[in-house]
Protein chains: 2
Amino acid sequence: MVKLKKAAKVSVKATKSDHSTEEKIKMAARKMFTQKGFAATRTRDIAEEAGINLALLNYYFRSKEKLFDLIMLENMQHFVMGMKGVLSDETTTLQEKFEQFVGNYIDMLTQHPDLPLFILHEIKANPDKFVERVGIQNVIFGTHFYKQLIAAIGKKGQPFQIIMNMMSLTVFPFVASPLLRNLGNLTPDDFNKLIESRKKLIPLWINAMLTIK
Amino acid sequence: MVKLKKAAKVSVKATKSDHSTEEKIKMAARKMFTQKGFAATRTRDIAEEAGINLALLNYYFRSKEKLFDLIMLENMQHFVMGMKGVLSDETTTLQEKFEQFVGNYIDMLTQHPDLPLFILHEIKANPDKFVERVGIQNVIFGTHFYKQLIAAIGKKGQPFQIIMNMMSLTVFPFVASPLLRNLGNLTPDDFNKLIESRKKLIPLWINAMLTIK
DNA sequence: AAATTTTTTAATCATTTGATTAATTATTTT
DNA sequence: AAAATAATTAATCAAATGATTAAAAAATTT
């Protein structure tokens, strides 16, 4: 019961001592988990990366799993919710939403290239735990974007296929980067340029798809 | 040194006693590794799944890692080399190759939906070990497919982008299936139908892309 | 400043996990 | 059939790993 007391205090203090140990552990955990996944990450790796005593990990977060869940939920929100703003914007055209979605996502993924593979891998390892929990149901349906998309192609045009395509074209290159780099004999730099140019290309490709009857 | 002798005998016998223990272990290992990844898979899980004594795993394959490498190389060839046949075919048109590539891949992935995420995750965990080893350099360049693609759009048309798109549109839905199913409020069955219909749609979409100047 | 609480540390625990061993059973060779 | 080899098993090992504890140090409250 000692722990509960401490945990309570910690969360109260969270705003105050926001940096320091607790945050150091979270940052190190985020890095290690995202890099190697839950199963392959050792709590000792995290402790070393954070430069803290191993016991502090359990002191602040109770268990490896609790710490992981925390990181994971943050990451998922980062990954899934990032789009919601763009897709809900009532002031932009469909075309502009394509451009913003792809642009924002590629920018974000360029900074966090490990994120999608990590998330998808952990979701597969524990679908019920993570997918259900984050409210992603109404990220698509009901948004301004979805209405615009249906207005453009009709429900018969299978709007969800288009959405899958937009995500596939944007995210997959990051998920498969080591393979694609090798397949295309590309240096990391060349590959990044290729990715960067997709910011403009993907919206064009999506548009071309929409013209099909 | 006892093991080396045995290992030699085993490989000689391989053709004869092809099924039985050794193969049972490989099948179980393939299943468990593909399902949970290297780090999360316990040798005891494999032994139980195969219905054999744990020691036999080491007896036949020396170590968890050696067994994994074996499975992994087989999987990668399954995954990467599958396309080579289609892309090298000198008798088909570019359009037909799109259709065959997408069709074959979707069929294969429907039967082994865990394969791509597994492979991509393990490649990322150990890029040098697996990517370099499998000769995927000339799976694209130099094939009949590549020549046809350049003939159709020119080198300025960025053929590699098109190839990335073809792979993205085909493979990503499998990699992200739990997320996409939830995002689209789809039953597994509905999702499979969506995937199935992509066999015809993806070639159309690719074609639409090719028309862009 | 004393008392109290919180944070940090080193040492240690209990399991898990990959691997080995020595003995037993089954198979093959002679 | 006897001898030799291969396959299988139960028991065990050593290292790794997540977690805890008791004591010390630091910070906060009184």
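In what follows, chains carry the letters A, B, and so on, assigned in the order in which the sequence lines appear, proteins first and then strands, with residues in each chain numbered from 1. For the numbers below, each heavy atom of this structure counts, side chains included, while hydrogens, waters and symmetry mates do not.
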So do B/Asp114 and A/Lys124 actually touch side chain to side chain, heavy atoms under 4.5 Å? yes
Ignoring backbone atoms, establish whether A/Tyr59 has a side-chain N or O less than 4.0 Å from OP1 or OP2 of C/dT9. no
Distance col, row B/Ile206:CD1 vs B/Glu99:CD, nearest 0.5 angstrom, shows 11.5 Å
Please report the distance, rounded to the nearest Å, between NZ in A/Lys66 and P in D/dG18. 15 Å
Could you tell me whether A/Leu57 contacts a base, only the sugar-phosphate backbone, or nothing, with contacts defined as non-hydrogen atoms closer than 4.0 Å? nothing
Decide if atom CE of A/Met108 counts as having more than 12 heavy atoms of other residues, nucleotides or ligands within a radius under 6.0 Å. yes
So do A/Ile119 and A/Phe130 actually touch side chain to side chain, heavy atoms under 4.5 Å? no
To the nearest Å, how far apart are A/Leu54 CG and D/dA19 P? 9 Å
Return the residues of residues 68-75 of chain A meeting this criterion: a heavy atom under 4.0 Å from some atom of DNA chain C. Order them by number, or give none. none
Check the distance between C/dT16's C1' and A/Lys64's NZ and give it to me in whole angstrom. 12 Å
Residues in residues 29-47 of chain A with a heavy atom under 4.0 Å of DNA chain D, by number, are A/Thr41, A/Arg42, A/Thr43, A/Arg44
Kindly say if A/Asn58 contacts the phosphate of D/dG18, meaning a side-chain N or O under 4.0 Å from OP1 or OP2. no
Establish, yes or no, whether a centroid distance under 6.0 Å links the rings of B/Phe79 and B/Tyr105. yes
Neighbour count >12 (heavy atoms, 6.0 Å) for atom CD, B/Glu48: no
In whole angstroms, how far is the P atom of D/dA15 from the CD atom of B/Glu65? 18 Å
Could you tabulate the donor-acceptor pairs under 3.5 Å formed by side-chain atoms of residues 68-75 of chain A, not counting sequence neighbours?
from	atom 1	to	atom 2	distance (Å)
A/Asp69	OD1	A/Lys129	NZ	3.1
A/Asp69	OD2	A/Lys129	NZ	3.3
A/Glu74	OE1	A/Arg30	NH1	2.6
A/Glu74	OE2	A/Lys26	NZ	3.0

Using whole Å, report how far CG of A/Leu56 lies from P of D/dG18. 16 Å
Would you mind reading off the distance between B/Asn53 atom CG and D/dA7 atom C1', rounded to a whole angstrom? 11 Å
Look at the side-chain N and O atoms of A/Thr21 and state whether any lies under 4.0 Å from the OP1 or OP2 oxygen of C/dT7. no
Using a 6.0 Å cut-off, check whether atom NZ of B/Lys199 has over 12 heavy atoms from anything other than its own residue. yes
For A/Arg62 and D/dT21, what is the distance between atoms CZ and P respectively, to the nearest whole Å? 11 Å
Please state how far atom CD in A/Glu48 lies from atom P in D/dA16, giving the value in whole angstrom units. 14 Å
Any cation-pi pair here, A/Lys64 with A/Phe38, using under 6.0 Å and within 45°? yes
